[in-house]
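A quick write-up on the structure given underneath.
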There are 2 protein chains.
Amino acid sequence: MTVIFSKKCEYGLQAVLYLAAQISREVIPAEVIANKLSIPKEFVSKILQSLTENGIVISQKGKSGGFAIAKDPKKIKLIDIVAAIDGLSMFNNCVMGFPNCNPENPCPLHDKWGELRSKAYSMLTDENLDNFREKTLRKISNL
Amino acid sequence: MTVIFSKKCEYGLQAVLYLAAQISREVIPAEVIANKLSIPKEFVSKILQSLTENGIVISQKGKSGGFAIAKDPKKIKLIDIVAAIDGLSMFNNCVMGFPNCNPENPCPLHDKWGELRSKAYSMLTDENLDNFREKTLRKISNL
DNA sequence: TATAAATCAGACCAAAACATCCGGTATATG
DNA sequence: CATATACCGGATGTTTTGGTCTGATTTATA
Ligand code: FES
Ligand code: FES
């Protein structure tokens, strides 16, 4: 049922978006995040743990611990999260699975797909997480 | 490693494209198709079997049997194969996995993604398999 | 008519994706 | 200092996807 990203990546995007939309930078426990987003708590916890290694989120252990965004949301883009979780191979491979996707050896969809994937790439790089605050809150609020 | 379609769907697209590119309508055994495309023989065989049920390919059993395109390639579009194998849910769901993807309840990427997915849909519907013959043969020849 | 070569159905196996659990450790707070 | 609560690492379990195998049946052709 996933569209183009793995579930791990989808949840990661949602969770980071949620953290970046907070006004305060106080840490939020995985359980709260999971409840707000209606996604599995243990799973999102693991995903956020892995994202601490990429410097996207920070964690605080112990009582009243949790996760928070690691730096100014203006400095984070969606592509950073995708790169950290799913990697960027989808932006290099043939949409029909043929090997060796490049302009010298195009499949019938190569040109059209090339345009689309570069627009998809732009979609993930043009704006930073700060630009998404309002829309994120609105989406999550009536979830 | 898959981009947007499952492996099953990727192989299905490749195989049908290959069959549609043939000049003659004589059946070709799964093994030959698999060798040409360098994909697993048993797997592509299963996939083509399932596509016979959708009227996209026909099969002939017994000695010198195999698979062939079922109707005029002008009448088949890539979307038909995608619909038969992966279904069309990717054209209705949120790119970030949020529930309830619609204009009244958009996530931060909804508008941009909406445009992209409708272009992706066009990519699969605008042209028919006859339009792809040459390019398919060229791609497969230097595989 | 015998045989070889193919699809077909369904069981089976393997790997990856998705998800949970547990025991350890850190730490805020009383 | 004790305790409750949270991350963390790693093992484990479950489900889906990817892929193979076997035996039955079909059928062109020698
Ligand atoms: S070869 Fe198919 S998209 Fe590039
Ligand atoms: S709600 Fe996210 S793409 Fe529509």
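Quick caveat: nothing in here was measured; it's all calculated off a predicted structure. Side-chain atoms are counted along with the backbone in the values below, which use heavy atoms only and exclude waters and symmetry mates. Throughout, protein chains are lettered first and strands after them, A, B, ... in sequence-line order, and every chain is numbered starting at 1.
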- Task: Group every Ile, Leu, Val, Met, Phe, Trp and Tyr by side-chain heavy-atom contacts under 4.5 Å, then state whether A:Val16 and A:Leu137 land in the same group.
- Result: no
- Task: Go through residues 2-20 of chain A and report each residue with a non-hydrogen atom lying under 4.0 Å from DNA chain D, sorted by number.
- Result: none
- Message: Measuring from atom SG of B:Cys101 to atom NZ of A:Lys139, what distance do you get when rounded to the nearest 0.5 angstrom?
- Response: 6.5 Å
- Query: Atom CD of A:Glu42 and atom P of D:dA6: how far apart are they, to the nearest Å?
  - Reply: 13 Å
- Query: Starting at CD1 of B:Ile47 and ending at P of D:dT20, how long is that distance when rounded to a whole Å?
  - Reply: 11 Å
- Taken to the nearest whole Å, CD1/A:Ile58 to P/D:dC8 is 10 Å
- Query: When you measure from the side chain of A:Gln49, which nucleotide among D:dG18, D:dC7, C:dT7 comes out closest?
  - Reply: D:dC7
- Query: Within this structure, what is the CG-to-C1' distance between B:Leu51 and C:dT7, rounded to whole angstrom?
  - Reply: 14 Å
- Query: Does atom NZ of B:Lys135 have more than 12 heavy-atom neighbours from other groups under 6.0 Å away?
  - Reply: no
- Item | Stepwise side-chain contact (heavy atoms from CB on, under 4.5 Å) check, A:Leu88 with A:Ile79 | CA-CA 9 Å; A:Leu88 298 178; A:Ile79 195 76; 3.7 Å; yes
- Message: Is it the case that atom NZ in B:Lys8 sees more than 12 heavy atoms from other parts of the structure closer than 6.0 Å?
- Response: no
- Task: Write down the distance between CZ (B:Phe43) and C1' (C:dA14), rounded to a whole number of angstrom.
- Result: 13 Å
- Message: Between A:Lys46 and A:Glu42, does any NZ, NE, NH1 or NH2 come within less than 4.0 Å of an OD or OE carboxylate oxygen?
- Response: no
- Which of these passes side chain to side chain contact (heavy atoms under 4.5 Å, CB included) with A:Leu109: B:Leu78, B:Leu17, B:Leu13? B:Leu78
- Note on the structure: Residue set satisfying ring pair (Phe, Tyr, Trp, His ring centres under 6.0 Å) with A:Phe43, at least two apart, ordered chain then number -> A:Tyr11
- Task: To the nearest 0.5 angstrom, please state how far the CD1 atom of A:Ile76 sits from the CD1 atom of A:Ile81.
- Result: 7.0 Å
- Item | Integer-rounded Å distance: C:dA5 P and B:Glu31 CD | 11 Å
- Message: If the cut-off is 4.0 Å, is A:Ser59 near the phosphate of D:dC8, judged by side-chain N/O to OP1 or OP2?
- Response: yes
- Query: Which nucleotides of nucleotides 24-30 of chain D have their base under 4.0 Å from a protein heavy atom (B), which only their sugar-phosphate (S), and which neither (-), written as one string 5' to 3'?
  - Reply: --BBB--
- Whole-Å distance, A:Asp86 CG to C:dC18 C1', equals 13 Å
- Query: Got a donor-acceptor pair under 3.5 Å from the side chain of B:Lys46 to the base of C:dG10?
  - Reply: yes
- Any side-chain N or O of B:Thr52 less than 4.0 Å from the OP1 or OP2 oxygen of C:dT7? no
